[in-house]
Amino acid sequence: MNQLLFWNKTKYADNLADFFGKDNVVTSHSELTEKLKNWRKFSSMIVLCELNWSYNGSPVKMQHYSGIELVKEFRRTYEVNLPVLLVSFQSRAKILNAENEILTAVGHTYCQLPVLPKTFVDKLKNKKKLTPLELKDIQLFSCNPKGIVRAKIHQLQGVLNRIDIEESASVKSELEKLIEEIHFVFKANSAIALDRFKHDFPEINTGNIKAAIRFIEEIGNGLIDSNTSTGEVKVGTSVIKRAWKLLLLDDELNAESEIVKLLKEKVDVICTSNADDAIKALSADNSLRGKISLILTDYRLYDYEDAIQVQQEKQGYTFLQEVGEKFYNKLLSAVVYSGMPRQFLFETSKTFKIRSEIYSKVDFKLDDVGARNFLVNRIIELGDANFDAMVAVPFASEGWKDHLHETYLLYRSQIDYERRERDICDYCTNWVEKYRAGQNPLTPMIKGDAFK
């Protein structure tokens, strides 16, 4: 585990630096920007809720929980997908409110001080990075006022399903609290709306519960409409570009396409419209590691001859087969994005000597903003993971280059590679735990001898 911590300049911060490493502890805004450039090398983040500094350098008060706002900024602007441990001197129930519901979101755990630093490590044990879908969920519904209010409006259906005449008083109280919460998110006064609600609904029952819910929905949507410039999430606006490059092969998508524009905010994109140009781009990327980490390609490629649309000589699947043959010495992965029948897409992908993920243009339509954002996040996630693997390969070792490199590439290209990696990690984790407990487990080398 390699944690990045955000703390105030205190004696305890010195203890944290001794435990986690001085370079792993950030105690001021001036240190923040440089650390965020390299956040991907860390496995998780630990953030003090009561920070006395902010992400943008503006003054703060400890009761404003600047650390929570810092985490929101990490999620929405830098697209940090690391698990986060939020730490406070208060209980979670004490600081939890409508604005701070990220405290309960997936990917976030909590710890109340005082504790030893080892407790932080224990809390983060087995916590995983957010998937693109989980990150998008948090960006949309935990990091900006509009999303938080929309999520609360959605929760109203759960109240409708629980209504019982015998519990009408508690349901009424719950709805009144919800009105207060959606106003609190926008820092608005809820008094007038509450008075209207109490006047129109002196009691809640099965006959008027739907009208009460509509009343609150109208209040929430009205607040959203009147705060059009407040906290709008900009999914996919990371200010730091990746060190790797994406190779795009598509006869329709180009630098002006919306999905490519989104991708170019995060990574350099090499746009090609035919297989020969794409092969040339890979050939020009001629260092052993190279900069191209991921390929995004269509299957069906067209050209025009005499104003007639004809298929190109090399289709996308032929291109991927050629890549697997010619560039086996590179760690490359691919994302196939095509409108061809799903069965054909999945059957042909098994013939490639390059790891590929398949997405259908029928299921993930380009004019669907949600689908487009999901694809962009997934493409970036795959490219990041592949680039990390490329950088980690020890090419400086002659033994590796002479004996292990090509075998490792074959291993990486296996369809069940990720399952194999998980199995290895689980085995090693169990081995270390047994070793620390003094159980003298068999060594990994002996275990390895059982495999072909």
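Reckoned from all heavy atoms, side chains included, excluding hydrogens, waters and symmetry mates.
A salt bridge links Lys361 with Asp298: at least one charged nitrogen is closer than 4.0 Å to a carboxylate oxygen. Between Lys177 and Glu180 there is no salt bridge, since none of the side-chain N atoms of the basic residue sits less than 4.0 Å from a carboxylate O of the acidic one. Here Arg378 pairs with Glu381 in a salt bridge; the nearest charged N to carboxylate O distance falls below 4.0 Å. In summary, Asp122 and Lys118 engage in a salt bridge, as defined by a charged side-chain N under 4.0 Å from a carboxylate O. One finds a salt bridge joining Asp423 and Arg419 here, because a Lys/Arg side-chain nitrogen approaches an Asp/Glu carboxylate oxygen to under 4.0 Å.
Considering every non-hydrogen atom in both Ala105 and Ile138, the closest pair reads CB-CG1, 4.2 Å. Taking every heavy atom of both residues into account, Leu294 and Ala334 meet most closely at CD1-N, 3.9 Å. Nearest heavy-atom pair across Ala371 and Lys365 is CB-O, 3.8 Å. The heavy-atom pair separating Gln90 from Lys94 by the smallest distance is OE1-CG, 3.3 Å. Contact record, Asp367 with Arg372: CA-NH1, 4.1 Å, taken as the closest heavy-atom pair. Residues Lys127 and Pro83 approach most closely at CB-CB, 3.8 Å, considering heavy atoms.
Side-chain atoms of Asp285 come within 3.5 Å of backbone atoms of Ile292 as a donor-acceptor pair (strictly under, hydrogens ignored). Asn274 places a side-chain N or O within 3.5 Å of a backbone atom of Asp277 that can act as its donor or acceptor partner. Listed for the Asn208 side chain is no donor-acceptor partner under 3.5 Å among the backbone atoms of Ile204. Counting only distance, with no hydrogens or angles, the side chain of His108 and the backbone of Val106 share a donor-acceptor pair below 3.5 Å. Remark: the backbone N or O of Asn2 is not paired with any side-chain donor or acceptor of Asn24 at under 3.5 angstrom. Without hydrogens or angle criteria, Asp195 side chain to Ser190 main chain gives no donor-acceptor distance under 3.5 Å. Of the possible polar contacts, one joining the Asn189 side chain to the Ala191 backbone as a donor-acceptor pair under 3.5 Å is found. Using modelled atom types, no side-chain atom of Asp384 and backbone atom of Phe387 make a donor-acceptor pair closer than 3.5 Å. A donor-acceptor pair under 3.5 Å is formed between the side chain of Ser356 and the backbone N or O of Ile354. The closest donor-acceptor contact from the side chain of Gln312 to the backbone of Leu301 lies at 3.5 Å or more, if one exists at all.
Aromatic ring centres of Phe364 and Tyr337 lie farther apart than the 6.0 Å criterion allows. No close placement of the Phe319 and Tyr299 rings is indicated, their centers lying 6.0 Å or farther apart. Between Trp39 and Tyr78, a ring centre-to-centre spacing not shorter than 6.0 Å is recorded.
Within the 4.5 Å cutoff, no side-chain heavy atoms of Pro114 are placed close to those of Tyr12. Under the 4.5 Å side-chain criterion, counting only non-hydrogen atoms from C-beta, Val336 is not in contact with Glu357. You'll find the side chain of His183 reaches within 4.5 Å of the side chain of Ile219, heavy atoms only. Annotation: side chain of Leu262 is in contact with side chain of Asn373 (closest heavy-atom distance under 4.5 Å). A heavy-atom distance below 4.5 Å is found between the side chains of Arg75 and Val84. A 4.5 Å side-chain heavy-atom check between Thr131 and Asn377 finds every atom pair outside the cut-off. Residues Thr297 and Leu247 have side chains not in contact (no heavy-atom distance under 4.5 Å, counting atoms from C-beta outward). Side chains of Arg40 and Lys129 form no contact here, defined as non-hydrogen atoms less than 4.5 Å apart.
Residues passing the salt bridge (Lys or Arg N to Asp or Glu O under 4.0 Å) test with Asp18, sequence neighbours excluded: none. The ring pair (Phe, Tyr, Trp, His ring centres under 6.0 Å) search around Phe19 returns none, not counting sequence neighbours.
Between atom CZ of residue Phe201 and atom CD1 of residue Ile213 there is a gap of 10.0 Å, rounded to the nearest 0.5 Å. Thr429 OG1 to Asn126 CG: the interatomic distance, rounded to the nearest 0.5 Å, is 7.5 Å. In this structure, CG on Leu249 lies 10.0 Å from CG on Leu282, to the nearest 0.5 angstrom. Atoms CD and CZ, from Gln139 and Arg76 in turn, are 10.0 Å apart once rounded to the nearest 0.5 Å. Here the CD1 atom belonging to Ile259 is positioned 5.0 Å from the CD1 atom belonging to Ile379, to the nearest 0.5 angstrom. Here Leu248 contributes atom CG and Ser257 contributes atom OG; the two are 8.0 Å apart, rounded to the nearest 0.5 Å.
No side-chain N or O of Glu101 forms a donor-acceptor pair with one of Thr104 less than 3.5 Å apart. A donor and an acceptor atom, one from each side chain of Ser333 and Asn386, are located under 3.5 Å apart. Using a 3.5 Å distance cut-off with no hydrogens or angles, the side chains of Trp244 and Asp268 do not pair a donor with an acceptor.
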Original post:
side-chain hydrogen bond (donor to acceptor under 3.5 Å, both in side chains) between Tyr435 and Glu433: does it pass, once the steps are laid out?
Top reply: CA-CA 5 Å; Tyr435 180 81; Glu433 289 177 350; over 6 Å; no
Original post:
Are Asp251 and Ser273 close enough, and set up right, to give a side-chain hydrogen bond (donor to acceptor under 3.5 Å, both in side chains), and what steps lead you there?
Top reply: CA-CA 4 Å; Asp251 61 316; Ser273 59; over 6 Å; no
Subject >> Audit row: Leu103, Tyr110, side-chain contact (heavy atoms from CB on, under 4.5 Å) steps and yes/no >> reply: CA-CA 7 Å; Leu103 290 168; Tyr110 194 82; 4.0 Å; yes
**OP:** I would like to know whether Val267 and Val269 meet side-chain contact (heavy atoms from CB on, under 4.5 Å); could you show each step before the answer?
**Re:** CA-CA 6 Å; Val267 66; Val269 182; 4.3 Å; yes
Original post:
Hey, mind stepping through Phe197 and Ile216 against side-chain contact (heavy atoms from CB on, under 4.5 Å) and telling me if it holds?
Top reply: CA-CA 8 Å; Phe197 182 80; Ile216 298 175; 4.2 Å; yes
**OP:** Applying side-chain contact (heavy atoms from CB on, under 4.5 Å), run through Ser293 and Leu246 and close with a yes or a no.
**Re:** CA-CA 6 Å; Ser293 168; Leu246 172 70; over 6 Å; no
**OP:** Please test Ser88 against Gln112 for side-chain hydrogen bond (donor to acceptor under 3.5 Å, both in side chains), starting from the C-alpha separation and ending with a verdict.
**Re:** CA-CA 5 Å; Ser88 174; Gln112 184 175 357; over 6 Å; no
Original post:
Run the side-chain hydrogen bond (donor to acceptor under 3.5 Å, both in side chains) check on Glu176 and Ser173 step by step: do they pass?
Top reply: CA-CA 5 Å; Glu176 289 174 354; Ser173 176; 5.3 Å; no
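The 12-atom threshold is not exceeded at CD1 of Ile192, counting heavy atoms of other residues, nucleotides or ligands nearer than 6.0 Å. The local environment of NZ in Lys128 is sparse, with at most 12 non-hydrogen atoms from other residues, nucleotides or ligands closer than 6.0 Å. Heavy-atom contacts from other residues, nucleotides or ligands closer than 6.0 Å to NZ of Lys72 number more than 12.
In this pair, Trp53 and Phe6 present their aromatic rings tilted. The plane angle is within the 30 to 60° band.
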